[in-house]
Number of protein chains: 2
Amino acid sequence: MEVIKSTEGFEAINSNPSLMRKVVHLDHLMVTVMEFLNGPMETPDPPHKHVHEQITYVASGSLKLFVEDREYLLHEGDVFKIASNLNHCIQTLTEYVKLVDSFTPLREEFL
Amino acid sequence: MEVIKSTEGFEAINSNPSLMRKVVHLDHLMVTVMEFLNGPMETPDPPHKHVHEQITYVASGSLKLFVEDREYLLHEGDVFKIASNLNHCIQTLTEYVKLVDSFTPLREEFL
C-alpha cells in the first residue's frame with residue numbers, strides 16, 4: 001500500500017496497549033509512528049543506541065530527549081536527529097505523545 | 001544541532017513566502033518539513049520523480065496525492081510512501097498543509 005491512513009496499522013509493542021507503533025518502509029527507508037498513551041513517564045526509558053540514523057518529528061505532546069550527556073526539552077513541531085550509535089532515550093512529559101521516527105537503513109527488528 | 005525547534009530553520013522555496021521548507025539531515029537520512037500556506041491549490045503541482053525513496057507524514061491539512069496513475073485523498077495523520085523513480089505530485093485541499101518528508105539518500109539539491 002502506498003497510503004496508510006491515520007488509524008491503520010498500529011500494533012502494541014510488547015503487548016503493551018499504551019505503546020503503539022505503526023511501521024512503514026521501502027527498501028532503505030523506514031518511518032514509524034509511535035503513540036505513547038500513558039504518560040507522563042516517571043523516569044526516562046532505558047538508553048539505547050543503534051547503527052541506524054534517526055530523525056524524529058514530534059507530532060504531538062512534550063518530552064525530554066537525552067542524547068549521550070545532553071538533555072533537550074521538545075514540544076509539538078520540533079525535530080531531533082540522532083547520529084549513528086549515539087546513546088539516547090526519552091521521557092514523555094504529557095499523557096499523550098506521538099512521534100514520527102525516520103530511519104535508514106531499515107530497523108529489521110521492527111519487521 | 002541535534003534539535004530544531006518548531007519555528008526554526010524554515011526558508012521560502014524559490015522566494016515564495018507561501019511555500020516554506022526546513023531541512024534536517026544526517027549522512028544518509030534527510031527529513032524536510034514543508035509548509036504550504038496559500039492553498040487550496042487550483043491544480044496539482046507538476047509531476048516529478050527522483051531516485052530517492054520518500055515517506056511522508058501529513059502533519060496538518062488535507063491533500064490529494066497522485067502517484068503514476070493512482071490518486072489518493074489524505075488527511076492529518078496519514079502516511080504515504082513513494083518508491084524510487086515513481087512519478088508523483090500533490091494538490092493541497094486546505095489553506096494550510098504541513099508535510100514531513102523523509103528521504104534516503106540525501107536530496108543534495110536541498111542542501
Side-chain angles (χ1 to χ4, degrees), chain A residues 1-10 22-35 51-60 62-86 88 90 98-106, chain B residues 1-10 22-35 51-60 62-86 88 90 98-106:
Chain A
M1 286 186 300
E2 287 178 319
V3 167
I4 302 90
K5 302 300 288 178
S6 58
T7 56
E8 291 175 351
F10 282 105
K22 169 192 313 208
V23 178
V24 180
H25 71 93
L26 291 162
D27 291 342
H28 305 286
L29 180 63
M30 175 177 279
V31 168
T32 66
V33 181
M34 295 279 303
E35 290 192 321
V51 68
H52 316 73
E53 294 186 347
Q54 175 178 343
I55 300 177
T56 296
Y57 174 80
V58 181
S60 187
S62 297
L63 65 149
K64 283 185 187 173
L65 167 70
F66 303 87
V67 184
E68 300 287 342
D69 61 351
R70 302 175 291 282
E71 181 181 328
Y72 304 98
L73 178 60
L74 291 150
H75 303 292
E76 183 175 320
D78 295 344
V79 176
F80 62 87
K81 56 183 181 178
I82 310 289
S84 182
N85 283 319
L86 293 186
H88 60 283
I90 66 164
K98 185 178 189 180
L99 301 180
V100 180
D101 295 324
S102 300
F103 301 101
T104 192
L106 302 191
Chain B
M1 287 185 301
E2 287 179 320
V3 167
I4 302 90
K5 302 300 289 178
S6 59
T7 56
E8 290 175 350
F10 282 104
K22 169 192 313 208
V23 178
V24 180
H25 71 93
L26 291 162
D27 291 342
H28 304 286
L29 180 63
M30 176 178 278
V31 168
T32 66
V33 181
M34 294 279 303
E35 290 191 322
V51 68
H52 316 72
E53 295 186 346
Q54 175 177 345
I55 300 177
T56 296
Y57 174 80
V58 181
S60 188
S62 297
L63 65 150
K64 284 186 184 172
L65 167 71
F66 303 86
V67 185
E68 299 287 344
D69 61 350
R70 302 175 291 283
E71 181 180 327
Y72 304 98
L73 178 60
L74 291 150
H75 304 291
E76 183 175 320
D78 294 344
V79 176
F80 62 87
K81 56 183 182 178
I82 311 289
S84 183
N85 283 320
L86 293 185
H88 60 283
I90 66 165
K98 185 177 187 178
L99 301 180
V100 180
D101 295 324
S102 300
F103 302 100
T104 193
L106 302 191

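A note on names: the letters A, B, ... follow the listed sequences, proteins ahead of strands, and every chain is numbered from 1. The shown structure was predicted, so the numbers you read here are calculated from the model rather than taken from an experiment. Both backbone and side-chain heavy atoms feed into the values below; hydrogens, waters and symmetry mates do not.
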Pairwise side-chain contact, [X] with [Y], heavy-atom cut-off 4.5 Å (strictly under):
{"X": "B:K5", "Y": "A:H75", "result": "yes"}
{"X": "A:L26", "Y": "B:I55", "result": "yes"}
{"X": "B:L29", "Y": "A:H52", "result": "no"}

Tell me, for A:I82 versus chain B, whether the close heavy atoms (under 4.5 Å) come from the side chain, the backbone, both or neither.
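The answer is the backbone of A:I82.
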Would you check, one step at a time, whether the test side chain to side chain contact (heavy atoms under 4.5 Å, CB included) holds for A:V79 with B:V33?
CA-CA 9 Å; A:V79 176; B:V33 181; 4.1 Å; yes
To the nearest 0.5 angstrom, please state how far the CD1 atom of B:I4 sits from the OH atom of A:Y72.
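That separation rounds to 9.5 Å.
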Distance from A:S102 atom OG to B:Y57 atom OH, nearest 0.5 Å?
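One gets 12.0 Å once the value is rounded to the nearest 0.5 Å.
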Has A:E53 got a side-chain atom pairing as donor or acceptor with B:D27's backbone, closer than 3.5 angstrom?
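Flag set: sc A:E53 to bb B:D27 pair under 3.5 Å.
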Counting N and O atoms only, with roles assigned by atom type, does the side chain of B:K81 sit under 3.5 Å from a partner on the main chain of A:H25, one being a donor and the other an acceptor?
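Side chain of B:K81 to backbone of A:H25: a pair is present.
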Is it the side chain or the backbone of B:V3 that comes within 4.5 Å of chain A heavy atoms, both, or neither?
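Both backbone and side chain.
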What part of B:E8 is in contact with chain A, defined as an atom under 4.5 angstrom from a non-hydrogen atom: side chain, backbone, both or neither?
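Looking at B:E8, nothing touches chain A.
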Identify the heavy atoms of A:E76 and B:S6 that sit nearest to each other, and give their distance.
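Shortest heavy-atom contact: O-CB, 3.8 Å.
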